[in-house]
Amino acid sequence: MPKIALNFEDGVTRFVECGPNEVLVDAAYRARLNIPMDCRDGVCGTCKCRVESGSYEMDAYIEDALTDEEASQGYVLTCQMRPKSDCVLSVPATSKMCKSGPTEFGASLAEVRRLSDTTIGFTLEIDQPDNLAFLPGQYVQVSVPQTEDSRAYSFSSRVNGGRVDFLVRNIPGGLMSGYLSGRAMPGDRLTIRGPSGAFYLRELSRPTLFLAGGTGLAPFLSMLDYLSARGGSTPPIRLLYGVTRDADGVEVRKLEAFANVIPNFTFEVCVSDPDSNAPRKGFVTDHFGADDLNCGDCDVYLCGPPPMVEAVRRHFDLIGVKPASFYFEKFNAAEAA
């Protein structure tokens, strides 16, 4: 059965399975998700959503409810939409309004890896892994054992054998990084809550540029893990991974492995330290120009600290080319540690 991801305005994502020839709104109600709706007949337009990826058919509706222009832009009436494949939809309402919310999952700490002086990787074993679904690039809130707090981390892998990976910036005094580098023990119990976030991999239809800063590499590892498992060809994908020092570049072997199995995927590591021995020095903006954006016919994904996002925006203006789509996730390393 097709699996449908419903992305709500507050960043929460919920998944429902749609039966053969079932309209989406019925599948959502069966999962106790109340998508706003009035008529069920394709007349009022209240249940209008936008399909970001996937194939579907539409039953009859009137133009007052959905215009031809809206339909050409991917908008649908969920009371008339019959998914024919996995789909991703944007719902113009909050999860609370639809009587939903983030889902909680229990997990055990399986492994902690000191990847560098500045980066820690950790793996969780999920209690009910078959129930955990997320779009590659999304994040969850992870509880910090022995505290009442949690921290938001992007998945850095898909669920594999019931396990899933994350990356953490190792900052002295950081709540989660202090736990992982000090008192963490295999088997410790944690809770994850989500998934959430509008930063996720869309359907690849044109050349794509990934820009990662530091632990902003995490969601791209999740995307690449998804693409490697899916197989098949893709448009060209180039990853520029920016770090401060040579030692800060982590998970390079994983990137090399992905480059061997994902057609048209390449990556480069950029090091801002002028004393670096890396082939590419400077910032990611030093290593792509107008030609790399395919005259604007490309998609750009960026995950990094706020100054990096703003620097890339200015770079688009400087080179006089803007991508067809620009998706980004800002993070503050100090708050996430």
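Numbering starts at 1 and runs along the sequence shown.
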Side chain [X], main chain [Y], donor-acceptor under 3.5 Å:
X	Y	answer
Ser143	Thr191	yes
Asp188	Met185	yes
Ser85	Ser55	yes
Asp225	Arg158	yes

Output field: ring centroids [X]/[Y] closer than 6.0 Å:
X	Y	value
Tyr139	Phe155	no
Phe265	Phe258	no
Tyr327	Phe199	no

Under a 4.0 Å threshold between the charged nitrogen and the carboxylate oxygen, would [Y] count as salt-bridged to [X]?
X	Y	value
Arg238	Asp292	yes
Arg40	Asp26	yes
Arg245	Asp273	no
Arg82	Asp59	yes

Evaluate side chain to side chain contact (heavy atoms under 4.5 Å, CB included) for Leu135 paired with Val88, printing each intermediate quantity in order. CA-CA 9 Å; Leu135 299 170; Val88 179; 3.9 Å; yes
A side-chain contact here means heavy atoms from C-beta on lying under 4.5 Å apart; do [X] and [Y] qualify?
X	Y	value
Tyr56	Val76	yes
Val43	Asp38	no
Leu211	Met308	yes
Ile120	Ser181	yes
Pro2	Lys84	no
Leu167	Leu221	yes
Leu77	Lys48	yes

Would you be so kind as to tabulate the donor-acceptor pairs closer than 3.5 Å made by side chains of residues 279-290, with sequence neighbours excluded?
residue, atom, partner, partner atom, Å
Arg280, NE, Glu268, OE1, 2.8
Arg280, NH1, His287, ND1, 3.2
Arg280, NH2, Glu268, OE1, 3.0
Lys281, NZ, Pro274, O, 3.4
Lys281, NZ, Ser276, O, 3.0
Asp286, OD2, Phe283, N, 2.8
His287, NE2, Lys281, O, 2.7

Is the Phe326 ring parallel, tilted or perpendicular to the Phe328 ring (thresholds 30°, 60°)?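 Taking Phe328 first and then Phe326, their aromatic rings sit tilted (interplane angle of 30° to 60°).
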Atom pair [atom1]/[atom2] of [X] and [Y] - distance to nearest 0.5 Å:
X	Y	atom1	atom2	value
Asn170	Ser177	CG	OG	5.0 Å
Leu240	Phe220	CG	CZ	10.0 Å
Ser233	Leu204	OG	CG	10.5 Å
Arg14	Ser196	CZ	OG	11.0 Å
Met223	Tyr200	CE	OH	10.5 Å
Ser150	Leu175	OG	CG	9.5 Å

Positive for side chain to side chain contact (heavy atoms under 4.5 Å, CB included) with Val159, one of Asp165, Asp130, Leu132: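 Going through Asp165, Asp130, Leu132 one by one, the side chain to side chain contact (heavy atoms under 4.5 Å, CB included) with Val159 is satisfied by Leu132 alone.
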Would you mind telling me which of Ile126, Val164, Thr103 makes a side chain to side chain contact (heavy atoms under 4.5 Å, CB included) with Ile192?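 So, applying the side chain to side chain contact (heavy atoms under 4.5 Å, CB included) to Ile192 and each of Ile126, Val164, Thr103, only Ile126 qualifies.
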Do [X] and [Y] have side-chain atoms, one donor and one acceptor, less than 3.5 Å apart?
X	Y	answer
Arg113	Thr123	yes
Asn7	Thr13	yes
Arg189	Ser108	yes

Selection residues 307-316 - residue pairs positive for side chain to side chain donor-acceptor pair (under 3.5 Å), sequence neighbours left out: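 Matches after skipping sequence neighbours: Glu310-Lys330.
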Can you name the closest pair of heavy atoms from [X] and [Y] and give their distance?
X	Y	value
Pro235	Arg206	CB-O, 3.4 Å
Asn264	Thr234	ND2-O, 2.7 Å
Asp248	Tyr241	O-OH, 3.5 Å
Ala110	Pro186	O-CB, 4.4 Å

What's the verdict on side chain to side chain contact (heavy atoms under 4.5 Å, CB included) for Tyr75 and Val51, showing C-alpha distance, side-chain angles and the deciding distance? CA-CA 6 Å; Tyr75 287 94; Val51 179; over 6 Å; no
Say whether Val16 and Met81 are linked into one hydrophobic cluster, either directly or through other cluster members, by side-chain heavy-atom distances under 4.5 angstrom.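 In one cluster with Val16: Met81, yes.
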Heavy-atom count around Arg32 CZ within 6.0 Å, excluding the residue itself: above 12?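 No - once you tally the heavy atoms of other residues, nucleotides and ligands closer than 6.0 Å, there are 12 at most.
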For atom CG of Asp291, decide whether the heavy atoms of other residues, nucleotides or ligands shown that lie under 6.0 angstrom number more than 12.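 No, because the 6.0 Å sphere around CG of Asp291 holds 12 heavy atoms or fewer from other groups.
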Please test Leu190 against Leu109 for side chain to side chain contact (heavy atoms under 4.5 Å, CB included), starting from the C-alpha separation and ending with a verdict. CA-CA 7 Å; Leu190 301 91; Leu109 182 66; 3.9 Å; yes
